[in-house]
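Reading through the structure tokens given below for one structure.
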Amino acid sequence: LNVGLEGVQIAEAATQKAIHFAQDRVQSARAGGTSRESVPIIEHPDVRRMLMRMKAGTQAIRALSYCAAGHVDRATLGIDGAQEMVDLLTPLAKTYGTDMGTEIASLGVQVHGGMGFIEETGAAQLYRDIRIAAIYEGTNGIQAADLVGRKLGMRGGDAVREHLARIGQDASEHAALKALAGACTEVAEWMLSSASTDDRLAGSYAFTTMMAVATCGDLMARQLRAAEAEGGDTPFLKAKIACCHYYLDVMVPEALSLKGSAMAGADLLYALDADGLAV
């Protein structure tokens with residue numbers, strides 16, 4: 001969980017650095033604008049795409065880490081079901097937290113352009129620092145294997161079923177999140193019933209990402225409801241609402257495409273022997 005939190009920390013630093021740079025760097029007129037004058041690059045759609053992804057992704061993995069930490073506290077107090085949630089959320093927080101942290105740090109380099117690739121801005125340092133996090137304290141592949149090998153079978157699969165059922169029930173206003181929860185359930189049932197060990201492991205990484213995004217989507221939906229209930233009329237709440245919508249409407253649907261990979265099985269991985277791979 002602490003390594004997953006490193007992803008949050010690097011992602012936040014990379015996002016702040018990229019936004020600051022994009023506010024100052026002036027380059028070209030905005031293609032969709034009316035003026036021919038050059039503007040700060042934060043006005044260009046592609047830079048906005050990267051910054052919104054960085055900001056929304058950082059908030060999502062922070063919520064996931066905080067959710068796991070909250071269950072750690074509840075487990076310490078002996079609250080029923082809390083340790084089970086810690087066990088389930090740990091591979092999600094570690095894997096998705098560091099994967100998203102790496103992606104966000106990479107986007108930070110991209111926002112900076114060539115300046116980001118050299119040492120002057122510090123963007124490249126953040127990318128180097130986070131890249132190790134997917135490797136140590138159990139590689140992300142090992143975390144995914146842990147999810148399908150041990151955590152998926154908790155209480156005969158009911159721990160995962162109940163978690164996904166709650167997400168699906170809470171997602172009535174968000175079609176993509178509801179669909180993702182359903183897709184996760186379908187993959188989980190396949191892995192619990194007919195999939196071989198190799199098939200489960202072959203699809204474990206995709207399934208872990210699907211589960212993490214579904215969980216983050218649920219947490220972002222909760223934040224969205226809370227922000228809207230407060231009126232959404234302060235800069236913080238406006239930003240929170242925009243980021244939640246971006247995650248739910250753009251990033252959650254992406255995870256639906258992983259269902260095929262999660263259920264593809266292991267045969268394609270072994271279509272070539274070791275010598276064949278070296279050709």
Side-chain angles (χ1 to χ4, degrees), residues 1-8 60-101 133-134 137-171 177-193 195 197 199-223 247 251-252 255-256 258-259 262-263:
L1 291 177
N2 286 335
V3 178
L5 189 59
E6 289 182 21
V8 180
I61 57 176
R62 178 183 289 113
L64 181 59
S65 291
Y66 286 4
C67 180
H71 284 294
V72 170
D73 289 344
R74 293 178 180 90
T76 301
L77 294 173
I79 296 175
D80 288 345
Q83 185 59 51
E84 182 178 81
M85 284 303 298
V86 173
D87 293 341
L88 177 59
L89 293 175
T90 295
L92 307 184
K94 199 279 182 179
T95 300
Y96 190 59
T98 56
D99 280 350
M100 184 55 63
E137 293 300 329
T139 68
N140 287 359
I142 293 296
Q143 296 292 334
D146 175 59
L147 178 67
V148 303
R150 293 191 290 183
K151 309 307 173 54
L152 181 59
M154 292 189 299
R155 287 196 288 118
D158 283 347
V160 170
R161 290 188 184 102
E162 291 169 8
H163 178 63
L164 292 171
R166 186 189 55 75
I167 293 174
Q169 290 168 2
D170 290 347
L177 179 57
K178 190 175 185 67
L180 179 57
C184 287
T185 300
E186 187 175 344
V187 175
E189 294 298 346
W190 173 73
M191 288 187 171
L192 286 164
S193 58
T197 299
D199 288 342
R200 289 197 303 273
L201 291 173
S204 62
Y205 208 102
F207 179 60
T208 301
T209 302
M210 292 172 68
M211 286 283 294
V213 174
T215 304
C216 285
D218 180 57
L219 294 169
M220 294 294 269
R222 292 195 219 175
Q223 293 182 64
Y247 193 84
M251 299 176 74
V252 166
L256 278 167
L258 295 173
K259 177 184 171 184
M263 300 181 71

Interatomic distance, T95 atom OG1 to M211 atom CE [nearest 0.5 angstrom]: 12.0 Å
Test applied, side chain to side chain contact (heavy atoms under 4.5 Å, CB included); reference residue, L5; option that passes from V3, V8, L1: V8
Atom pair CE/CG of M85 and D80 - distance to nearest 0.5 Å: 14.0 Å
Distance (rounded to the nearest 0.5 Å) between L164 CG and T185 OG1: 4.0 Å
Shortest non-hydrogen contact from A214 toward L177: O-CD1, 3.5 Å
Matching residue for D218 among Q169, R166, Q223 - test: side chain to side chain donor-acceptor pair (under 3.5 Å): R166
Note, V213 side chain near Y96 side chain (heavy atom, < 4.5 Å): yes
Heavy-atom closest contact (M210 atom, A255 atom, distance): CG-O, 3.6 Å
T90 vs V86 side-chain heavy atoms within contact, under 4.5 Å: yes
Exercise: identify the closest heavy-atom pair between Y247 and A60: CE1-CB, 3.5 Å
Spacing of I61 atom CD1 and L92 atom CG [to the nearest 0.5 Å]: 13.0 Å
Atom pair CG (D170) and NZ (K178), whose distance is rounded to the nearest 0.5 Å: 9.5 Å
Side-chain heavy-atom pair L88, L147 within 4.5 angstrom cut-off: yes
Side-chain heavy-atom pair V252, M220 within 4.5 angstrom cut-off: no
Shortest non-hydrogen separation from F207 to A262 and the atoms involved: N-CB, 4.1 Å
Qualifying residue, where the test is side chain to side chain contact (heavy atoms under 4.5 Å, CB included) with I142 and the options are T139, D146, N140: T139
H71 and I79, any side-chain heavy atoms less than 4.5 Å apart: no
Side-chain heavy-atom pair V187, K259 within 4.5 angstrom cut-off: yes
Under 3.5 Å donor-acceptor, K94 side chain and G138 backbone: yes
E84: which of R155, R74, R150, K151 passes salt bridge (Lys or Arg N to Asp or Glu O under 4.0 Å): R155
Nearest non-hydrogen partners of L192 and G157, listed with the distance: CD1-CA, 3.9 Å
Straight-line distance of R161 CZ to D158 CG, nearest 0.5 Å: 5.0 Å
Worked check of side chain to side chain contact (heavy atoms under 4.5 Å, CB included) between Q143 and T208: CA-CA 8 Å; Q143 296 292 334; T208 301; 5.9 Å; no
Check: E6 and T98 side chains under 4.5 Å, non-hydrogen atoms: no
Heavy-atom pair of closest approach, residues C67 and L219: CB-CD1, 4.0 Å
